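Throughout, protein chains are lettered first and strands after them, A, B, ... in sequence-line order, and every chain is numbered starting at 1. What you are looking at is a predicted structure, and each value in this text was computed from that prediction instead of being measured.
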2 protein chains.
Amino acid sequence: MAKAKKAELDLSTEEKIKEAASIVFTKKGYGNARTRDIAEEAGINLALLNYYFRSKEKLFQIVMAERIDKLFGVLTPVLNDESTTLEEKLEKITESYINMLLENPDLPIFVLSEIRNNPDQLSNRFQARKHLTESVFVKQLMARRSDLNPFHFLMNLLGMNLFPFVAKPVLQPIVGNEEMYRQLMEQRKKLVPAWMKLILDQG
Amino acid sequence: MAKAKKAELDLSTEEKIKEAASIVFTKKGYGNARTRDIAEEAGINLALLNYYFRSKEKLFQIVMAERIDKLFGVLTPVLNDESTTLEEKLEKITESYINMLLENPDLPIFVLSEIRNNPDQLSNRFQARKHLTESVFVKQLMARRSDLNPFHFLMNLLGMNLFPFVAKPVLQPIVGNEEMYRQLMEQRKKLVPAWMKLILDQG
DNA sequence: AAAATATTTAATCATTTGATTAAATATTTT
DNA sequence: AAAATATTTAATCAAATGATTAAATATTTT
């Protein structure tokens, strides 16, 4: 195979494997996922998987980095947008999260449980604090409510948005079927920002 | 060994093993926990573990049932208390949860991720819906706010209380050290009920 | 067509790990 | 002390699973 086509195919197969790995890892977690599962999901065989990625661990690291980006990528651009108000940020974050999580409901529980298993995974945790405390969002928040710890506010926002998905395996059977759960999440796109504004103004 | 002493010791050793299993399973999850870890944690050997409990799976089922009880046991008695107001229930649930979770921070992520791995685990999910919708809590809630879906309200309450612990591996390094995190949680004992009352009255 | 590369097939390794066994030792009960 | 029971020790099994290998086949490039 020549360079051009090679790169093209490599990317395609590599992408297929990464995609499959992402699905299997996210659904089962690292420990319960078998490389044979991933190969099958990708429609290739085990030998090829090890030919592209040297090991399960390496493949996992790549997938994990992507998944973490996906989970927190929703947050960071909005937090630092100078052109939006605090209220608009609440609306944007909520809508982005709920939309993304409706497509990736297993994502939060996967990332959080894997980080629990291996806390070092989050190597940039030092800068995370700095990035957050120096964000436009936190500045706006402190300007408005100097008495309210931004961490509390953020925990509430994330809790309201992420928790229903983290707890979906428990809550969905109680609520009803899949579709009813989706409808509840759709409603929360409007409700969560409204509740958060209450906290912002009077909490 | 005679009956009396036998039962006594059995209980003690069985309890030691269950306690150890609870610790190891909760910290690592089923897939990543090794029976050898559990035996070591219990201060006994692998043979004895399999002598008392026939298999890892059986031991896990027992531990899991206990952990689920611990996680939801906080909720159920308060939800059906006829003698307390809605506001008092919010206060009780929040304080009970935060106190319990400060002692068992890994509990929510463990239970939720294991149920994700094996959704059938929650065999009583049918009655859960009934118990919940017929609870004093939901009746009080609907009497006060017929326009507010109780599931939304419950998701908010649980999200605010449980999510900070579910996300602790991510949030704690950002917030600061262990002690600072604990202080935040202590503050939330007063704050969460206040926020929930806002939602109750004006959301 | 020839060469280069990608992919499959099938077999095999090595390690981990849950589980079992039998014999030895300790502890408790009678 | 004798009997019954609990626990340890050490060895071993069997299955699952991550990983490797070599040869065969398919595909693409030149």
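Under a 4.0 Å N-O distance rule, the pair B/K18/B/E66 qualifies as a salt bridge. For B/E95 and B/K92, the salt-bridge test fails: no basic side-chain N is under 4.0 Å from an acidic carboxylate O.
Take B/E82 and apply the side chain to side chain donor-acceptor pair (under 3.5 Å) test, not counting sequence neighbours, and it matches no residue. When the side chain to side chain donor-acceptor pair (under 3.5 Å) test is applied to A/Q183, the partners found at least two apart in sequence or on another chain are A/E179. Residues that satisfy the ring pair (Phe, Tyr, Trp, His ring centres under 6.0 Å) test with A/F53, not counting sequence neighbours, are absent from this structure. Residues passing the ring pair (Phe, Tyr, Trp, His ring centres under 6.0 Å) test with A/Y97: none are found, sequence neighbours excluded. Scored by the side chain to side chain donor-acceptor pair (under 3.5 Å) test, A/R34 finds A/D37 as partners (sequence neighbours excluded). Listed by chain and residue number, B/F25, B/F60 satisfy the ring pair (Phe, Tyr, Trp, His ring centres under 6.0 Å) test with B/Y30 (two or more places apart in sequence, or in another chain).
The CZ-C1' distance, from A/F60 to D/dG18, rounds to 16 Å in whole Å. Rounded to whole Å, atom P of C/dA6 lies 14 Å from atom CZ of A/F53. At whole-Å resolution of the value, CD in B/E57 and P in C/dG18 are 12 Å apart. Atom C1' of nucleotide D/dT25 and atom CD1 of A/I44 are separated by 17 Å, given to the nearest angstrom. In this entry the distance linking CD of A/E40 with C1' of C/dT8 reads 15 Å, nearest Å. Rounded to a whole Å, the CD atom of A/E15 is 17 Å from the C1' atom of C/dA6. B/L49 places its CG atom 9 Å from the P atom of C/dA19, with the value rounded to the nearest Å.
The side chain to side chain donor-acceptor pair (under 3.5 Å) pairs that include a residue from residues 150-164 of chain B are A/Q187-B/H152, A/R188-B/H152, A/R188-B/N156, B/T94-B/N161, where partners are two or more places apart or lie in different chains. Sorted by first and then second residue, the side chain to side chain donor-acceptor pair (under 3.5 Å) pairs with a member in residues 100-117 of chain A form an empty list; sequence neighbours excluded.
Taking a 4.0 Å limit (strictly below) on heavy-atom distances, residues 26-38 of chain A reaches DNA chain D at A/A33, A/R34, A/T35, A/R36.
Secondary-structure stems of DNA chain C, taken as three or more successive Watson-Crick or G-U wobble pairs (i with j, i+1 with j-1) under a 3.5 Å distance threshold, comprise C:1-30 with D:1-30.
Nearest to the side chain of A/N50, among D/dT20, C/dT8, D/dT8, sits D/dT20.
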Could you list the protein-to-nucleotides 9-11 of chain D atom pairs, N/O on both sides, closer than 3.5 Å?
none

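Heavy-atom distances to DNA chain C give each of B/K56 and A/Y51 a nearest nucleotide, and the one nearer the 5′ end belongs to A/Y51.
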Distance-only criterion, 3.5 Å: show the donor-acceptor pairs between side-chain atoms of residues 135-142 of chain B and protein atoms not counting sequence neighbours.
from	atom 1	to	atom 2	distance (Å)
B/S135	OG	B/L132	O	2.7
B/S135	OG	B/V138	N	3.2
B/K139	NZ	B/E134	O	3.4
B/Q140	OE1	B/K89	NZ	2.9
B/Q140	NE2	B/T84	O	2.9

